[in-house]
Amino acid sequence: FWTPALAAESMNRILSSIMGGWLGVVQPELQDWAAPLMKATVEMFFKISNDLLPTPVKCHYTFNLRDPAKMLQGILMIHVKSCLNTKQDIVNLFLHETCRQFRDRLIDDTDREWFNTNLAEKLNEQ
């Protein structure tokens, strides 16, 4: 059974809708951050998928839709009242979950530095 990959625009719309809806309920003043953070997530996902390809040593470098979904799931599990009050809190949470889901898989310093540089660029664009 084979299914085609989800387009970036569709993935962005789905993830942004979920996060935006959640933020709208739990912390409405931060809702505007949903779209740019999920856009950065989707862009990083596609960049990682295209640039960090599996090799015999890095055979676990396979990324799919579950990865950004698990990242978002981690964000949604936060205790909102004590941990999500400012813009900096949402950015820190995003960074933590992105690193947890993607960066923690990378096995050498070169790949981790590549990830750090690309993530910083994506955040600065947003």
Side-chain angles (χ1 to χ4, degrees):
F1 185 89
W2 179 82
T3 58
L6 196 59
E9 183 180 321
S10 299
M11 188 183 299
N12 191 29
R13 184 177 301 128
I14 291 167
L15 297 175
S16 294
S17 296
I18 293 169
M19 186 166 174
W22 176 74
L23 281 172
V25 171
V26 299
Q27 208 62 290
E29 60 275 6
L30 297 176
Q31 190 173 16
D32 291 343
W33 283 85
L37 291 178
M38 290 302 101
K39 182 178 183 212
T41 299
V42 171
E43 288 174 358
M44 278 301 294
F45 166 73
F46 280 104
K47 185 138 184 75
I48 289 168
S49 297
N50 291 328
D51 292 359
L52 298 181
L53 299 173
T55 65
V57 173
K58 301 173 183 178
C59 59
H60 62 285
Y61 279 23
T62 55
F63 301 93
N64 59 45
L65 180 57
R66 287 183 80 190
D67 298 309
K70 287 288 192 183
M71 196 204 97
L72 180 58
Q73 182 181 18
I75 290 173
L76 300 180
M77 292 174 63
I78 187 116
H79 187 266
V80 176
K81 293 188 191 256
S82 64
C83 300
L84 192 62
N85 299 307
T86 67
K87 291 182 235 180
Q88 190 60 49
D89 291 341
I90 191 89
V91 171
N92 289 344
L93 177 60
F94 166 79
L95 289 172
H96 170 77
E97 290 299 326
T98 303
C99 289
R100 181 187 64 82
Q101 192 59 41
F102 296 112
R103 189 179 187 275
D104 287 356
R105 270 198 232 173
L106 307 179
I107 61 170
D108 61 35
D109 291 336
T110 304
D111 290 347
R112 286 189 286 271
E113 187 56 39
W114 176 92
F115 177 87
N116 293 343
T117 301
N118 281 284
L119 184 59
E121 287 174 9
K122 293 297 173 203
L123 283 177
N124 288 330
E125 289 173 11
Q126 305 307 320

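- For the residue pair I75 and W22, the shortest heavy atom distance occurs at O-CH2, 3.7 Å.
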If you look only at distance, which donor and acceptor atoms sit under 3.5 Å apart when one is on a side chain in residues 25-39 and the other is two or more places apart or in another chain?
{"unit_1": "Q27", "atom_1": "NE2", "unit_2": "L84", "atom_2": "O", "d": "2.3"}
{"unit_1": "Q31", "atom_1": "NE2", "unit_2": "G20", "atom_2": "O", "d": "2.9"}

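- For T110, the side-chain contact (heavy atoms from CB on, under 4.5 Å) test picks out D108, with sequence neighbours left out.
- By the criterion of side-chain heavy atoms lying less than 4.5 angstrom apart, applied directly or through intervening Ile, Leu, Val, Met, Phe, Trp or Tyr residues, V80 is not grouped with M77; the two fall into different hydrophobic clusters.
- The hydrophobic clustering, which links ILVMFWY residues whose side-chain heavy atoms are closer than 4.5 Å, places L53 and F102 apart.
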Report the C-alpha separation of I78 and D89 in whole Å, then their side-chain angles, then the decisive distance to 0.1 Å, and conclude whether the side-chain contact (heavy atoms from CB on, under 4.5 Å) test is met.
CA-CA 11 Å; I78 187 116; D89 291 341; over 6 Å; no

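- If you take CG on N124 and CG on L119, they are separated by 9.5 Å, rounding to the nearest 0.5 Å.
- The two residues P68 and F45 come nearest to each other via the heavy atoms CD-CD1, 3.8 Å.
- The CZ atom of F94 sits 4.0 Å away from atom OG1 of T41, with the distance rounded to the nearest 0.5 Å.
- Atom OG in S10 sits 10.5 Å away from atom CG in L15 (nearest 0.5 Å).
- Remark: E97 CD to Q73 CD distance equals 9.5 Å, nearest 0.5 Å.
- Of the possible polar contacts, none joining the D104 side chain to the Q101 backbone as a donor-acceptor pair under 3.5 Å is found.
- Within the model, atoms CE of M11 and CG of L65 stand 5.0 Å from one another, a figure rounded to the nearest 0.5 Å.
- Residues F115 and L52 fail the side-chain proximity criterion, which asks for heavy atoms closer than 4.5 Å.
- Rounded to the nearest 0.5 angstrom, N116 CG and D111 CG are separated by 11.0 Å.
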Yes or no on side-chain contact (heavy atoms from CB on, under 4.5 Å) for I107 and V57, after CA distance, side-chain angles and deciding distance?
CA-CA 9 Å; I107 61 170; V57 173; 3.8 Å; yes

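- Not one N or O on the side chain of R103 forms a donor-acceptor pair closer than 3.5 Å with the backbone of T98.
- Residues F63 and R105 have side chains in contact (heavy-atom distance under 4.5 Å, counting atoms from C-beta outward).
- When all heavy atoms of A40 and K122 are compared, the pair lying nearest together is CB-CB, 4.2 Å.
- Here K70 does not pair with D67 in a salt bridge; the nearest charged N to carboxylate O distance is not below 4.0 Å.
- Annotation for E9: atom CD does not count as buried by contact number, only 12 or fewer foreign heavy atoms lying within 6.0 Å.
- Counting only distance, with no hydrogens or angles, the side chain of N12 and the backbone of A8 share no donor-acceptor pair below 3.5 Å.
- Among the candidates K58, R112, E113, H60, the single residue satisfying the side chain to side chain contact (heavy atoms under 4.5 Å, CB included) test with L106 is R112.
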